[in-house]
Student: 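Take this structure, written in structure tokens, and hold onto it; I'll ask about it next.
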Amino acid sequence: MNETVHSRRRAARGAAPVKETSRTNDPERTMANILEVAMAEFAEKGLAGARIDEIAAATQTSKRMIYYYFESKEGLYLAALEESYRRMREIESQQHLEDLPPEAALRRLVEFTFDHHVSHENYIRLVISENMNRGQFLAQSQSIQQLNVPAISAIRQLYERGVASGDFRPGLDPIDIHASISALTFFNVSNRHTFGLIFKRDLTDPAIAAQRRASITEMVVRFVRA
């Protein structure tokens with residue numbers, strides 16, 4: 001949240017200004033630090049279990065300062081969700097899919113998504129947490145829709161290029177392709193503990209992860225291929 005906008009909101013509500021300490025002379029850095037800790041806290045404990053006191057202690061700030069920046073525990077939780085999605089989409093946009101042939105671009109996208117989820121378990125846990133909340137907080141976001149537009153646009157563009165070149169079969173929905181990629185790669189992290197326990201297979205083992213990565217990529221490519 002922009003500091004100037006936030007200050008204006010506080011002024012509009014008639015709230016008294018918070019006295020800044022030397023640590024808060026750099027509000028952007030302070031907010032980023034709070035968000036970093038909050039994402040881990042909410043991922044580990046969910047909205048109900050997370051404690052603002054613990055976030056404040058870990059960031060060497062105060063509950064009052066956190067509420068000043070994010071207004072409430074729920075406001076901080078929503079900001080953590082938005083930041084998680086923003087980071088995912090930012091890294092995704094750096095894959096330069098438009099520079100690759102359609103099938104190679106699709107393979108890179110699937111492999112990137114798999115690798116991202118494996119190395120960002122907190123992202124997966126936050127998404128699970130919000131699904132348990134039935135999406136009620138993400139529904140209040142003013143940016144989440146726009147954050148995810150580039151993801152669908154990238155898939156649509158590479159799919160349309162593939163159809164035009166004869167590499168991909170026509171009639172598929174880019175959002176459905178996105179959902180399939182997300183489902184396959186998400187499960188590999190979200191269910192790794194129960195699946196591994198039941199079937200005695202460690203999904204974090206590098207060899208098993210590499211095999212699963214290749215299988216998922218091949219599934220998606222074969223589904224789309226002409």
Student: Do the side chains of Leu184 and Phe187 join up, straight or via other hydrophobic residues, at under 4.5 Å, putting them in one cluster?
Tutor: no
Student: Suppose the criterion is ring-ring contact (aromatic ring centres under 6.0 Å, His included): which pairs have a residue in residues 25-52, not counting sequence neighbours?
Tutor: Phe42-Tyr77
Student: Nearest 0.5 angstrom please: Phe223 CZ to Leu172 CG, how far?
Tutor: 5.0 Å
Student: Is Ile91 linked to Tyr123 within one hydrophobic cluster, defined over Ile, Leu, Val, Met, Phe, Trp and Tyr using a side-chain heavy-atom separation of less than 4.5 Å?
Tutor: yes
Student: Give, for atom CD1 of Ile144 and atom CZ of Phe137, the distance between the pair rounded to the nearest 0.5 Å.
Tutor: 14.5 Å
Student: Does Val221 form a side-chain contact (heavy atoms from CB on, under 4.5 Å) with Glu103? I'd like the steps, not just the answer.
Tutor: CA-CA 7 Å; Val221 170; Glu103 184 172 314; 3.7 Å; yes
Student: If you measure from CE on Met65 to NZ on Lys63, what distance do you get to the nearest 0.5 Å?
Tutor: 14.5 Å
Student: If hydrophobic clusters are built by linking Ile, Leu, Val, Met, Phe, Trp and Tyr wherever their side-chain heavy atoms come under 4.5 Å apart, do Ile175 and Phe186 end up in the same one?
Tutor: no
Student: Under a 4.0 Å threshold between the charged nitrogen and the carboxylate oxygen, would Glu218 count as salt-bridged to Arg222?
Tutor: yes
Student: Got more than 12 heavy atoms from elsewhere within 6.0 Å of CZ, Arg86?
Tutor: yes
Student: For Ala50 and Lys45, work out which heavy atoms get closest and say how close.
Tutor: N-CB, 3.7 Å
Student: Do you reckon Ile155 sits in the same ILVMFWY cluster as Val163, going by side-chain contacts under 4.5 Å, direct or chained?
Tutor: yes
Student: What do you reckon, is CE of Met132 surrounded by more than 12 foreign heavy atoms closer than 6.0 Å?
Tutor: no
Student: Can you list every salt bridge (Lys or Arg N to Asp or Glu O under 4.0 Å) pair that touches residues 119-147, not counting sequence neighbours?
Tutor: Glu44-Arg125, Glu121-Arg192
Student: Under 3.5 Å, side chain of Asn131 to main-chain N/O of Val127, donor-acceptor pair present?
Tutor: yes
Student: Would you please test Thr59 and Glu36 for side-chain contact (heavy atoms from CB on, under 4.5 Å) and show each step?
Tutor: CA-CA 9 Å; Thr59 55; Glu36 194 71 37; over 6 Å; no
Student: Considering non-hydrogen atoms only, spot the tightest contact between Ile181 and Thr185 and give its length.
Tutor: O-OG1, 2.7 Å
Student: Could you check whether any side-chain heavy atom of Arg213 comes within less than 4.5 Å of a side-chain heavy atom of Asp115, counting everything from C-beta outward?
Tutor: yes
Student: Might you confirm whether atom CD of Gln136 has over 12 heavy atoms from other residues, nucleotides or ligands at distances under 6.0 Å?
Tutor: yes
Student: Might you work through the side-chain contact (heavy atoms from CB on, under 4.5 Å) test for Arg161 and Ser165, ending with a clear yes or no?
Tutor: CA-CA 6 Å; Arg161 286 197 293 119; Ser165 67; 5.9 Å; no
Student: Rounded at 0.5 Å granularity, tell me how far OG in Ser93 sits from CZ in Arg89.
Tutor: 10.5 Å
Student: Taking the side chain as every heavy atom from C-beta outward, state whether Phe114 and Thr217 have any pair of such atoms under 4.5 Å apart.
Tutor: no
Student: Atom CD1 in Ile52, atom CZ in Arg64: separation rounded to 0.5 Å?
Tutor: 15.5 Å
Student: With hydrophobic residues grouped by side-chain heavy-atom distances under 4.5 Å, do Leu106 and Ile152 end up in a single group?
Tutor: no
Student: Does a salt bridge link Arg108 with Glu111, judged by any charged N lying under 4.0 Å from a carboxylate O?
Tutor: no
Student: Can you tell me how far apart CE (Met39) and CG (Leu126) are? Round to the nearest 0.5 Å.
Tutor: 8.0 Å
Student: Is a side-chain donor or acceptor of Tyr159 paired with a backbone partner of Arg169 at a separation under 3.5 angstrom?
Tutor: yes
Student: What are the two closest heavy atoms between Ser129 and Gly46, and how far apart are they?
Tutor: OG-CA, 3.8 Å
Student: How close do Ala40 and Asn122 get, counting heavy atoms only, and between which atoms?
Tutor: CA-ND2, 3.7 Å
Student: So for atom CD, which belongs to Gln145, do other residues, nucleotides or ligands contribute more than 12 heavy atoms lying within a distance under 6.0 Å?
Tutor: no
Student: Do the side chain of His120 and the main chain of His116 share a donor and acceptor less than 3.5 angstrom apart?
Tutor: yes
Student: Should Leu35 and Met31 be marked as a side-chain contact (heavy atoms from CB on, under 4.5 Å) after you check the CA-CA gap, both sets of side-chain angles, and the distance that decides it?
Tutor: CA-CA 6 Å; Leu35 270 179; Met31 292 171 69; 5.7 Å; no
Student: If the threshold is 4.0 Å, N to carboxylate O, is there a salt bridge linking Arg87 and Glu90?
Tutor: no
Student: Would you name the heavy atoms of Lys73 and Tyr67 that are closest together and state the gap between them?
Tutor: N-CE2, 3.7 Å
Student: Heavy atoms only: give me the nearest Ser141-Leu78 pair and the separation to one decimal.
Tutor: CB-CD1, 4.0 Å
Student: What ring-ring contact (aromatic ring centres under 6.0 Å, His included) pairs are there with at least one residue in residues 197-221, not counting sequence neighbours?
Tutor: Phe195-Phe199
